[in-house]
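Beneath this line is the structure, given in structure tokens, with notes to follow.
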There are 2 protein chains.
Amino acid sequence: MAETRWLDDGEQQAWRAFLMAVNLLDGALDRQLRHDSGLPHAYYQILAMLSEAPKRELTMTALARLLRSSPSRLSHAAARLEGEGMIRRFKRPGDRRTTIVELTPAGLKVLEAAAPGHVHEVRRVLFDTLSREQVAQLREISESMLSVLDPQGEEPRYPDPDGIGSQD
Amino acid sequence: MAETRWLDDGEQQAWRAFLMAVNLLDGALDRQLRHDSGLPHAYYQILAMLSEAPKRELTMTALARLLRSSPSRLSHAAARLEGEGMIRRFKRPGDRRTTIVELTPAGLKVLEAAAPGHVHEVRRVLFDTLSREQVAQLREISESMLSVLDPQGEEPRYPDPDGIGSQD
DNA sequence: CCGAAATACTTGAGCGTTCAATTGTATGGC
DNA sequence: GCCATACAATTGAACGCTCAAGTATTTCGG
């Protein structure tokens, strides 16, 4: 391997600040959601994603792909969420490998109850502190990272027929 | 609570991209470090922080503060790292509540061995994809978040007497 | 000084994530 | 049609993190 090119001062400071911020951000969101709704952030995202899908259902694989989650992680999560009645799982007729996950009315209720507090927290720790310009910058930076971290990154766009909308 | 102000399109897209990116970034760093050195990213950060401290030692509380880690988390981590001989813990003479953590030569070796691969990965997924300007933007955005997430945020500056430098 | 409160850290249970292995099902080559 | 391969999802163990509770020590008010 070639000689390591260490981070210069600017990079170092950006990196450290970024790491700390992300670390704390994640903790804050998770804590707020867990406290107010009993859901970890990752589980909230599952419900949110389902709520926007046509018929509020997706295959496990599609859902995992959208959330950039491993199949295993999703499977474990689905087990809990199904046990609590927030989602339902059933095999797709015609391909018995495929499992379809559907958001139940109970799950939708939980999501809708959790959404306002969550959005409030996202605003508090992120958007309220950033200018409109910084939001655009953050988006470009994030997409830049995604181009490396997830080159295949498709982001299927639904017409959002009757999901509850921009709750995340 | 007042009517919820949902995220507008720009915010929504920035937020989603940011979430995915951070999620994948964290996974990538953790995977690389675990694979190449057996250390989770959080543990690597502990060693890195210690390596920069005077005499390569800090109290548990100071270390936790610097890493924005809970005392509990650090305590668990220290137990494992000590068990593997990478750090050493001892009581401070004069205040028997206080525990001092010291990076051992063995711990420093592990850190130095892990550093190049880690920095390479950080470059690959972050700095290589960003312009110099974007790095500055990311830093400001991060510090903006920190002002809310960690208002007390002191960042003690050591003269870096003989830590191995900018390995993180 | 004495007891209450603060400080410093540790512990154990519960939980989500990861990784590797496993099961079951569909498909493509021949 | 058959078998190897790919695909879809699940499982269980290991492990790090969180939270709440606990231990030990020090400080501080009256």
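Here is the naming used below: chain letters follow the sequence lines, and residue numbers restart at 1 for every chain.
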Contact nearer the 5' end of DNA chain D, comparing A/Ala62 with A/Gly27: A/Ala62
Would you mind listing every salt bridge (Lys or Arg N to Asp or Glu O under 4.0 Å) that reaches into residues 128-137 of chain A, with sequence neighbours excluded? none
Rounding to a whole Å, what distance do you find between [X]:[atom1] and [N]:[atom2]?
| X | N | atom1 | atom2 | answer |
| --- | --- | --- | --- | --- |
| A/Asp26 | C/dT17 | CG | P | 10 Å |
| A/Arg68 | C/dT18 | CZ | P | 15 Å |
| A/Asp30 | D/dG16 | CG | P | 19 Å |

Parallel, tilted or perpendicular: which describes the rings of A/Trp15 and B/Phe127, with under 30° parallel and over 60° perpendicular? perpendicular
Return the nearest nucleotide to the side chain of A/Ser72; candidates are C/dT25, D/dA20, C/dT18. C/dT18
Closest to side chain of B/Pro40, choosing from D/dT18, D/dG16, C/dT17: D/dG16
Is B/Glu11 salt-bridged to A/Arg123, cutoff N-O under 4.0 Å? yes
Using a cutoff of under 3.5 Å, can you pull out all pairs of nitrogen or oxygen atoms linking the protein to nucleotides 2-8 of chain C, with atom names and distances?
residue: C/dT7; atom: O4'; partner: B/Arg97; partner atom: NH1; Å: 3.4
residue: C/dT7; atom: O2; partner: B/Arg97; partner atom: NH1; Å: 3.3
residue: C/dA8; atom: O3'; partner: B/Arg97; partner atom: O; Å: 3.4

Can you list everything that forms a side chain to side chain contact (heavy atoms under 4.5 Å, CB included) with B/Glu143? Sequence neighbours excluded, please. A/Ala17, B/Arg139
Going by heavy atoms closer than 4.0 Å, what residues in residues 84-94 of chain A are next to DNA chain D? A/Arg89
Output all residues satisfying side-chain hydrogen bond (donor to acceptor under 3.5 Å, both in side chains) with B/Asp26, sequence neighbours left out; order by chain, then residue number. none
Going by heavy atoms closer than 4.0 Å, what residues in residues 74-82 of chain B are next to DNA chain C? B/Ser75, B/His76
